[in-house]
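Proteins come first, then strands; the chains are lettered A, B, ... in the order of their sequence lines, and each starts at number 1.
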Number of protein chains: 2
Amino acid sequence: MDQVKLFNEYLNQQGLKNTSQRMVILEAFLASDSHLSTEELYLQLRADHPKIGYATVHRTLKLFAECGIAAERNFGDGQTRFEPVHGEEHHDHLICTKCGLIIEFEEPQIEKLQESVAAAHHFTIKNHRLELYGLCAACAADGQ
Amino acid sequence: MDQVKLFNEYLNQQGLKNTSQRMVILEAFLASDSHLSTEELYLQLRADHPKIGYATVHRTLKLFAECGIAAERNFGDGQTRFEPVHGEEHHDHLICTKCGLIIEFEEPQIEKLQESVAAAHHFTIKNHRLELYGLCAACAADGQ
DNA sequence: AAGAAATTGAAAACGATTTTCAGAAACTAG
DNA sequence: CTAGTTTCTGAAAATCGTTTTCAATTTCTT
């Protein structure tokens with residue numbers, strides 16, 4: 001896992017310490033389905049590591065976001081979600097409002113158009129979010 | 001104001017009552033700059049209507065959203081914002097992360113591409129959000 | 001192995017939002 | 001137009017997710 005190395009480097013760089021909790025949380029985070037909330041990861045971890053507290057999970061996820069191995073997302077359900085960042089590629093999301101399914105996609109043409117919109121308004125884009133909400137194939141088929 | 005009529009119809013339809021507070025809040029909401037949070041609208045109203053409580057403002061904004069004359073927005077600053085919905089046209093936002101400036105834009109080509117992405121994943125889009133975060137011209141010019 | 005510094009977990013604090021509740025106002029119906 | 005029913009209001013309290021506090025513990029020097 002390259003992410004583990006990255007995280008350890010970040011810890012050193014910042015004068016932070018490498019603790020067993022942080023390693024456990026990092027591994028669980030990388031291994032898990034993405035788009036986890038603090039709550040979800042905390043509950044998942046509790047099975048094997050009942051001693052790890054909610055605050056530690058939360059602080060560690062924030063650390064991941066800080067050092068760039070996680071991205072914070074907010075899909076409007078009132079919870080902040082975190083997903084592992086693997087490479088450089090940006091992606092956006094399709095979200096099923098019925099079953100909660102989240103699909104990631106990339107569409108370079110949309111990114112290009114965003115740049116031209118920004119340019120027209122003399123804006124410099126630092127980042128963006130694009131989320132498409134609706135029904136996935138299964139839910140659309142299923143009554144409604 | 002057509003919005004006023006719409007709102008009154010909605011109230012009747014739902015067996016809700018038309019109160020003076022609701023009318024005052026609706027007028028202030030429609031007249032104001034858009035993208036107001038509950039807090040902001042509440043403070044603004046307090047000047048002329050010191051008796052109107054925060055809870056009432058909040059409940060009324062939710063009502064607006066319910067009946068379609070307002071849209072809820074969340075730009076990641078931890079506050080829910082509401083903007084008047086005037087017609088059918090959808091728009092997206094450019095947000096300056098330095099000064100908070102919000103610019104609205106429309107880009108039909110992006111919408112089209114979204115549809116094709118959704119189709120590729122057998123998704124039915126109900127709505128979407130696209131937000132471009134960065135620096136406006138003034139803030140970009142201004143040091144950083 | 002000892003000391004300085006950072007981390008942990010539990011609980012408390014926080015900020016935004018939502019709910020509660022008793023009194024007030026709005027809409028029936030008579 | 002008045003009584004009765006229902007909804008609404010405002011203040012305060014409750015809630016929810018998130019963040020901070022603090023004493024005890026652990027990590028990482030040296």
Side-chain angles (χ1 to χ4, degrees), chain A residues 4 7-26 28-29 35-67 70-82 100, chain B residues 4 7-26 28-29 35-67 70-82 100:
Chain A
V4 177
F7 184 55
N8 281 320
E9 272 168 27
Y10 181 75
L11 291 179
N12 278 327
Q13 209 178 77
Q14 303 287 313
L16 304 177
K17 292 173 179 172
N18 183 341
T19 68
S20 64
Q21 288 93 330
R22 283 177 177 165
M23 284 305 115
V24 164
I25 296 169
L26 178 53
F29 175 65
H35 311 110
L36 286 174
S37 64
T38 300
E39 177 82 14
E40 287 166 350
L41 184 53
Y42 167 67
L43 291 176
Q44 188 174 308
L45 279 164
R46 225 177 30 175
D48 290 336
H49 304 275
K51 299 284 200 54
I52 295 184
Y54 183 96
T56 300
V57 175
H58 174 262
R59 283 183 287 225
T60 306
L61 283 171
K62 284 287 195 186
L63 258 187
F64 294 167
E66 252 174 69
C67 78
E72 289 187 49
R73 301 280 180 186
N74 190 312
F75 297 132
D77 65 348
Q79 292 209 296
T80 300
R81 295 177 178 283
F82 294 83
Chain B
V4 177
F7 184 54
N8 281 321
E9 272 168 27
Y10 181 75
L11 291 179
N12 277 326
Q13 210 178 78
Q14 303 287 312
L16 304 178
K17 293 174 177 170
N18 183 340
T19 68
S20 64
Q21 289 93 331
R22 283 176 177 166
M23 283 306 115
V24 164
I25 295 169
L26 178 53
F29 175 64
H35 311 111
L36 286 174
S37 64
T38 300
E39 177 83 14
E40 286 165 351
L41 184 53
Y42 167 67
L43 290 176
Q44 189 174 308
L45 278 165
R46 227 180 25 177
D48 291 336
H49 304 275
K51 299 284 200 54
I52 295 184
Y54 184 96
T56 300
V57 175
H58 174 262
R59 283 183 286 225
T60 306
L61 283 171
K62 284 288 196 185
L63 259 187
F64 294 166
E66 252 174 69
C67 78
E72 289 187 50
R73 301 279 181 189
N74 190 310
F75 297 133
D77 64 350
Q79 293 209 295
T80 301
R81 296 176 178 283
F82 294 83

Is A:Gln21 touching bases, backbone alone, or none of the nucleic acid, heavy atoms closer than 4.0 Å?
sugar-phosphate
Minimum-distance nucleotide (side-chain atoms of A:Ile52 versus D:dT18, C:dG9, C:dT7)
C:dG9
Contacts of A:Tyr42 and B:His58 projected onto DNA chain C by closest heavy atom; the upstream (5') one is A:Tyr42
Between atom CG in B:Asp77 and atom P in C:dT17, what is the gap in whole Å?
9 Å
Of D:dT9, C:dT8, D:dT18, the nucleotide closest to the side chain of A:Thr38 is D:dT18
Proximity to the side chain of B:Arg59 - top-ranked nucleotide from C:dT17, D:dC8, D:dG10
D:dG10
Between the base of D:dT18 and the side chain of A:Arg81, is one N or O donor paired with an acceptor at under 3.5 angstrom?
no
Any donor-acceptor pair under 3.5 Å from A:Arg46 side chain to A:Tyr54 backbone:
no
Which nucleotide in C:dG9, D:dT9, C:dT19 has an atom nearest any side-chain atom of A:Lys51:
C:dG9
Spacing of A:Lys62 atom NZ relative to C:dT8 atom P, expressed in whole Å
16 Å
Distance in angstrom units between B:Gln14 CD and C:dC27 P, rounded
15 Å
Tell whether B:Lys17 reaches the base of C:dA25 with its side chain through a donor-acceptor pair below 3.5 angstrom.
no
Checking B:Phe82 against B:Phe64 for the side-chain contact (heavy atoms from CB on, under 4.5 Å) test, could you report, in this order, the C-alpha distance in whole Å, the side-chain angles of both residues, the deciding distance, and whether it holds?
CA-CA 9 Å; B:Phe82 294 83; B:Phe64 294 166; 6.0 Å; no
Atom CG of B:Leu11 and atom P of C:dA25: how far apart are they, to the nearest Å?
19 Å
What's the CE-C1' distance between A:Met23 and D:dT26, to the nearest Å?
14 Å
Using whole Å, what does the distance between atom P of nucleotide C:dA16 and atom CG of B:Leu61 come to?
15 Å
Looking for any heavy atom pair under 4.0 Å, which part of the strands does A:Thr80 touch: base, sugar-phosphate only, or nothing?
sugar-phosphate
Student check: side-chain heavy atoms of B:His58 and B:Tyr42 closer than 4.5 Å:
no
Using atom CD1 of A:Ile25 as one end and atom P of C:dT8 as the other, report the distance to the nearest whole Å.
7 Å
Of all the choices, D:dT9, C:dT17, D:dT7, which nucleotide is nearest to the side chain of B:Leu16 once you look at every atom?
D:dT7
Given D:dC8, C:dT19, C:dA10, identify the nucleotide with an atom nearest to the side chain of A:Ala55.
C:dA10
Among C:dT8, D:dT9, D:dT18, the one nearest A:Tyr54 by side-chain distance:
D:dT18
Closest non-hydrogen contact found for B:Arg81 with B:His35 is NH1-O, 2.9 Å
Looking only at side-chain N and O atoms, does A:Thr56 come under 4.0 Å of OP1 or OP2 in C:dG9?
yes
Okay, side chain of A:Arg22, backbone of A:Asn8: is any donor-acceptor separation there less than 3.5 Å?
no
B:Arg59 vs B:Thr56 side-chain heavy atoms within contact, under 4.5 Å:
yes
What is the distance, to the nearest angstrom, from the CD atom on B:Gln79 to the C1' atom on C:dG15?
9 Å
Below 4.0 Å: OP1/OP2 of D:dT9 and any side-chain N or O of B:Arg22
yes
